[in-house]
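Taking it in order: structure first as structure tokens, then the write-up.
Basis for what follows: all heavy atoms, side chains included, without hydrogens, waters or symmetry-related copies. All chains are named by letter (A, B, ...) in the order of the sequence lines, taking the proteins before the strands, and each is independently numbered beginning at 1.
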Amino acid sequence: MKKAGGKTALKRSKEEDEEQNQIFNFNRKPADEDKDDDLSDSEDSVYSGLEDSGSDSEEEEGSDDDEEEGSDDDEEEGSDDNDDKMKEKKEGEVSEEKKKHEYEHDSSDEEDIRNTVGNIPMEWYKDFPHIGYNLDGKKIYKPIRNKDELDDFLDKMENPEYWRTVHDKQTGSDVVLSDDQVELVNRLQRGQFGDVNFNECEPMVEFFSSDVMIHPVTNRPADKRSFIPSLTEKEKVSKLVHAIKMGWIKPRRVEDDGRGRYYNLWASEDSSILARHKMHLPAPKIPLPGHHESYNPPPEYLFTDEERALWEQQDPADRKLPFVPRKYSSLRQVPAFSQFIHERFERCLDLYLCPRQRKMRVNVNPEDLIPQLPKPKDLQPFPTTRSLVYRGHSGLVRSISVSPSGQWLASGSDDGSVRFWEVCSSRCMKTVQVGGAVKSVAWNPNPSVCLLAVALDSVVLILSPSLADKQVILSSERLLSAQQEGEEPAEGNGSVVWSEAEGEELNQGLRLKIQHPKAVHQVVWHAKGDYLASVMPDNTSHLQVYIHQLSRRRSQNPFSRNKGLVQCISFHPIRPYFFVATQRSIRIYNLVKQEMTKKLQTNSKWISSMAVHPGGDHVICGSYDCKLSWFDLDLSTKPYKMLRHHKKAVRGVAYHRLYPLFASASDDGSVIVCHGTVYNDLLQNPLIVPVKVLRGHVMTHDLGVLDVTFHPTQPWVFSSGADATICLFT
Amino acid sequence: MGGLQKKKFERGSATNYITRNRARKKLQLSLPDFRRLCILKGIYPHEPKHKKKVNKGSTAPRTFYLLKDIRFLLHEPIVGKFREYKIFVRKLKKAYGKTEWSAVERLRENKPTYKLDHIIKERYPTFIDALRDIDDALCMCFLFSTFARTGKCHVQTIQLCRRLTVEWMNYVIASRSLRKVFLSIKGIYYQAEVMGQLITWVVPYQFSHDHPVDVDYRVMATFTELYTTLLGFVSFRLYSSLNLVYPPKLDSNGESEPKEESEDDYAMNSESYLEVSHFVLNSEDMEKMEAREKELKQQEAQKKLFEGLKFYLNREVPRESLAFVIRCFGGQVSWDKSVCIGSTYDVTDETITHQIIDRPSMIFETFACFRYYIQPQWLYDCVNAKILLPVEDYFLGVTLPPHLSPFVEEKEGDYVPPEKLKMMALQRGEKPGNEQEEDEEEEEEEGEQEEEEEQEEDDNGDEEDDEEEVAEEKNLKKMEEQRSQGKSLHVKVTPGKLKVENKARLEQEEKAEEKRLAIMMMKKKEKYLYDKIMFGKKRKVREVRTLPLR
């Protein structure tokens, strides 16, 4: 019972809600009320005419219940008693009110209005003892609580009219529906018309039919405008006519499907080839695919892991293949190529965006590029093999010089000694300790004397090695002592001091000492053997070159101005010219006229060495940037030929006195011997052919061969290296 | 002095070129229209020799067109059509904006159109010119014909492309001009010889495309517009050369069905062609003639490669491609009725010789034992080898031999995959049994390589000699030391070794040295070129050597 009571209470409140929301309508109302009843006697199957609809609505209610119970549980429990009371009170009067309410909608006549509160939620009155006012303005009191749930239950059990009893909320009374009313409710629930006699299936009377009627539908007389021509239409038409006349509107185009209609375009091959077509460069075709692209390539064409990693790292433009070769075991496994549209598109772009240029691709045979030179065999003699090695020095051998007779070889080393060797036997004949790293040695080219100039620190020593005929020795001694007998050396030069060797030094063969103000780098003899020039490279002063005259013991500085760091110097073998190589150029001075005659541009960064052809018209010059330049003095001041044979800095160059040979020594440890014929005919250029690369020195401290010189008469070449040896190549 | 000062950039190459923007202004076209015009007319930029001069002293990167080309474009009637179209679009927009639907309809009806016939004729004055340029057209049309109707381009275009490609394939079948087929990872390459021109095209595999976003479909569509026109005219001409009617009547779904009556015509044609070639050949010298004749014979044999064979395609193999290839070589082909219409016989047909199948296992019913069940690669390999290859390697479930590209022609010194050697042996008519010989050949090759290596080593020979000398010297030194120390020498006379002088080797060495010296004397420019060539050669040799080692 309690439960049922609770449910009804719930229903009530729900109904009230509905009322509040003004969705209460007449048609539904009886059903709702019936449902209430149904619910109250839910356990029993005493459903009557409302049964079928009830079952539907019950389900709905049930679901509603659940929802509401969830949300309103607390409230309900708290106000349970209250609610019950209220309901009880209400019930008495509601039935009357219901009647009234019912007729409110009926606009006809409101006979049964007992409660005048109007269409309001009745719960507004729940706290009052009355539920409204009657027509006279008297309060209608709620019925005294006489019906509780037990009563209700009993009523349900005993009252046969219970199922058709409806509670009127407004009046709080129960109304028993008559048979007619029940019937009406049933009909309405079934969706039928309320009027039993109404026939919904009457045949339709077609008013507007396809038959033309003789009488008008309306009786309205026709307008005037339907008899006179329309002005607006006329205006429009005239506009169109005008537009057609003016050609603004064209008649509708005939549907012409020009596309896809083909004919023999080249029927008349009139060969009208314009100049354009001759100029036209057809786009190159797409290269055909190789084995790489196969869906099942041979395994060697697949990428290894490294290749794949490389491929992924590389920029797409650098890749050798634009795709990764893949192998599929069968055709059905081959997927779609994702880049297909891309590739087509790229091709399209290439076709209309790429500049085209005719490139003459000459298929060069690399062998044809090699110049046809005379065979080295035909240019013999030249040194080919290393035949002797002169050992004895303990430091790197900076400079070597061969005596004019070709019998003796002098070498100066960093270990502070000058050694004299017999050329043919490689025997060291003599060792002179000079006490300092020897920078340069030079044998006097005059065959009638036997003197050696040695440059170390700031001194130039003149040695008389006494390795010759007595006569020669005597003549050299005479040369040295000649001026002694004459007047005293002029001391006016100031900075250069000539002095004679004494004591022990004299025994060693030392004769003269020429003291310079700065460190001397190189010393060279004039061809006659009387003059001697020395270099003191110094960027800051004009005192860089001295020319000494041995017979008079006189020194002079030929240059009054500093023209750059002097690297090396040389006398012209025949004429009174003097070659001075600064860092980047070679200047040629006429010693007689005392003026510069030529300046050679070497095109190299730093000249290391220089040699003058015995004819005197050609100069070769080696530089630290691996180049060897050959100058033809008659031709130009620019090099006739630049030879880039060496891999490292060129340290020394030399001409052979008799044979058309020259050699260059470099830090890469090689000596390259070249054939260089010079023709007397001025129109014919020198012929330069490399004939042999000689190797024999060991690289030490990144230095290879330091100096190179030819034998005066034989086609032999000597080279001194940083490995403290001297080699003879024959 | 005197005279007018010469102004810069008013003569010479500066006046022969025009930048793209200036060209566009001269033609009064928007950039897309200019682009379309260039595509249709085949105008491409040129690279001037002296870019700075042409660019009036500036080095900014610019595209240059020949002024003559642009002047030529000025008279193009299509430019007028472009302008008309522009106006049409403007009017249409306006009508839409005003919601004047009748005006929209009227405008749409009067949409300006243009034809490209005259452009085709102008660009390709002779038919052979057109045929030479048809590769790209075919590739593009085959691609477009596989597009889904998703609005990337007009449906009509797709249909037209499909129609044209089918017509082309039909022609190739009818004229039996297919030469090579290659299954690549990109698609299937076909090469046909049409009127003496080798024409290659690629067909993507039958999958739906995922359309990339960074592709301008307008450009592609413009190209396709041109290409469809070109292909149509070319097809017309080709069909008429075979005495066939163009357009052919094809099945509604565009299935490639050769018409039966065409065969006779074709046969006649080919014979006449042969006779002509005989006549021409008479004038040439014998050897060449024989070679040509042999080639022709081979070609004829290839054309009849599949004649008399009856194929049946299972549903999982690429039907269109296979049917095309089989028909090109005179085979009969059919497939399951449910796959596509046009199947002529059933699986149960007893006369079927080959069933093409591409399945992992043999779970299917076998109908007759007189039938090979082979994988599709067999067909393609047969076409490329020009002979019927042994079927054993291509049976179901067998690991397939590698599929080689028929387009690679190995030159002297290139790496030849062993599979290719095998195939060549088969072509020569040798049995695959004597594999040992091949190995020997390979060994010989290796031997040659070794020799080459030796040659290279010769270059370093001098150093070796030096080393020997050094060793000798050491020995001598030792002895000297011992002598100087005054010890009693255990004197021992060792018999001197006779140095065998290899004359040939010496000569080689000499030559190598000569060459090295001559190389030293090369001019800088030539040296650079020489080094480059030699670098390329060496790399190639290296690659060839490393390739088979994997």
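The candidate from A/Gln333, A/Arg332, A/His292 with the greatest count of non-hydrogen atom pairs under 4.5 Å with chain B is A/Arg332. No other option in A/Gln372, A/Lys377, A/Lys327 has as many heavy-atom pairs under 4.5 Å with chain B as A/Lys377. The most heavy-atom pairs under 4.5 Å with chain B, out of A/His342, A/Lys641, A/Arg326, A/Gln339, come from A/His342. With chain A as the partner, the residue from B/Asp210, B/Asp214, B/Thr63 showing the most heavy-atom pairs under 4.5 Å is B/Asp214. In terms of heavy-atom pairs under 4.5 Å with chain A, the best-connected choice from B/Glu526, B/Glu514, B/Lys532 is B/Glu514. Among the candidates B/Tyr415, B/Tyr124, B/Tyr205, the residue making the largest number of heavy-atom pairs closer than 4.5 Å to chain A is B/Tyr415. Ranking B/Arg35, B/Met140, B/Arg123 against chain A, the residue ahead of the rest is B/Arg35, based on heavy-atom pairs under 4.5 Å. Here A/Pro335 is the residue among A/Pro335, A/Ala283, A/Pro325, A/Cys674 with the most heavy-atom pairs under 4.5 Å with chain B. Of the listed residues A/Ile370, A/Ile286, A/Leu373, A/Val334, the one with more heavy-atom pairs under 4.5 angstrom with chain B than any other is A/Ile370. Top candidate by heavy-atom pairs under 4.5 Å with chain B, chosen from A/Lys375, A/His291, A/His645, A/Arg344, is A/His291. Ranked by heavy-atom pairs shorter than 4.5 Å toward chain A, the options B/Asp216, B/Asp133, B/Ile519, B/Val317 are led by B/Asp216.
For the pair A/Glu293 and A/Pro289, the tightest heavy-atom approach, listed with the atom from each and the gap, is OE1-CB, 3.1 Å. Taking both residues in full, the closest heavy atoms of A/Val650 and A/Cys626 are given as CG2-C, 3.9 Å, listed atom of the first, atom of the second, then distance. Closest heavy-atom contact between A/Tyr262 and B/Thr229: CE2-O, 3.8 Å.
Formation of a donor-acceptor pair under 3.5 Å by the A/Asn296 side chain with backbone atoms of B/Pro401 is found in this model. Between the side chain of B/Asp69 and the backbone N or O of B/Ile43 there is no donor-acceptor pair closer than 3.5 Å.
Here B/Asp136 does not pair with A/Lys285 in a salt bridge; the nearest charged N to carboxylate O distance is not below 4.0 Å. One finds no salt bridge joining A/Glu343 and A/Arg347 here, because no Lys/Arg side-chain nitrogen approaches an Asp/Glu carboxylate oxygen to under 4.0 Å.
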Inset, instruction - Quick one: do B/Phe207 and B/His209 satisfy ring pair (Phe, Tyr, Trp, His ring centres under 6.0 Å)? Show the steps, please. - result: CA-CA 6 Å; B/Phe207 290 104; B/His209 301 275; 9.3 Å; no

Inset, instruction - Give the C-alpha distance, both sets of side-chain angles, the deciding distance and a yes or no for salt bridge (charged side-chain N to carboxylate O under 4.0 Å, His left out) between A/Asp305 and A/Arg308. - result: CA-CA 5 Å; A/Asp305 289 343; A/Arg308 205 196 160 85; over 6 Å; no

Inset, instruction - Please test B/Tyr227 against B/Leu164 for side-chain contact (heavy atoms from CB on, under 4.5 Å), starting from the C-alpha separation and ending with a verdict. - result: CA-CA 10 Å; B/Tyr227 285 154; B/Leu164 288 169; over 6 Å; no

Inset, instruction - Show your working on ring pair (Phe, Tyr, Trp, His ring centres under 6.0 Å) between B/Phe34 and B/Tyr65 and close with a plain yes or no. - result: CA-CA 12 Å; B/Phe34 179 69; B/Tyr65 288 87; 5.6 Å; yes

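Interface residue A/Tyr263: backbone and side-chain heavy atoms are both found under 4.5 Å from chain B. The contact between A/Val324 and chain B is made entirely by backbone atoms, counting heavy-atom distances below 4.5 Å. Proximity to chain B (any heavy atom under 4.5 Å) is restricted, for A/Cys354, to the backbone atoms N, CA, C and O. Interface residue B/Tyr530: backbone and side-chain heavy atoms are both found under 4.5 Å from chain A. Only the side chain of A/Gln357 has a heavy atom closer than 4.5 Å to any heavy atom of chain B. If you measure heavy-atom distances from A/Pro282 to chain B, you find no contacts under 4.5 Å at all. When heavy atoms are compared at a cutoff of 4.5 Å, B/Thr399 does not approach chain A at all. Using a 4.5 Å cut-off between heavy atoms, B/Glu419 contacts chain A through its side chain alone, with no backbone atom that close. With a threshold of 4.5 angstrom between heavy atoms, A/Leu643 approaches chain B through side-chain atoms but not through N, CA, C or O. Neither the backbone nor the side chain of B/Gln159 comes within contact range of chain A, judged by heavy atoms closer than 4.5 Å. Both the backbone and the side chain of A/Leu281 come within contact range of chain B, with heavy atoms under 4.5 Å apart. Interface residue B/Lys524: only side-chain heavy atoms are found under 4.5 Å from chain A.
At least one side-chain heavy atom of B/Tyr114 sits under 4.5 Å from a side-chain heavy atom of B/Glu225.
Other residues, nucleotides and ligands contribute over 12 non-hydrogen atoms within 6.0 Å of the CZ atom of A/Arg644.
Not less than 6.0 angstrom separates the ring centroid of B/Phe233 from the ring centroid of B/Phe236.
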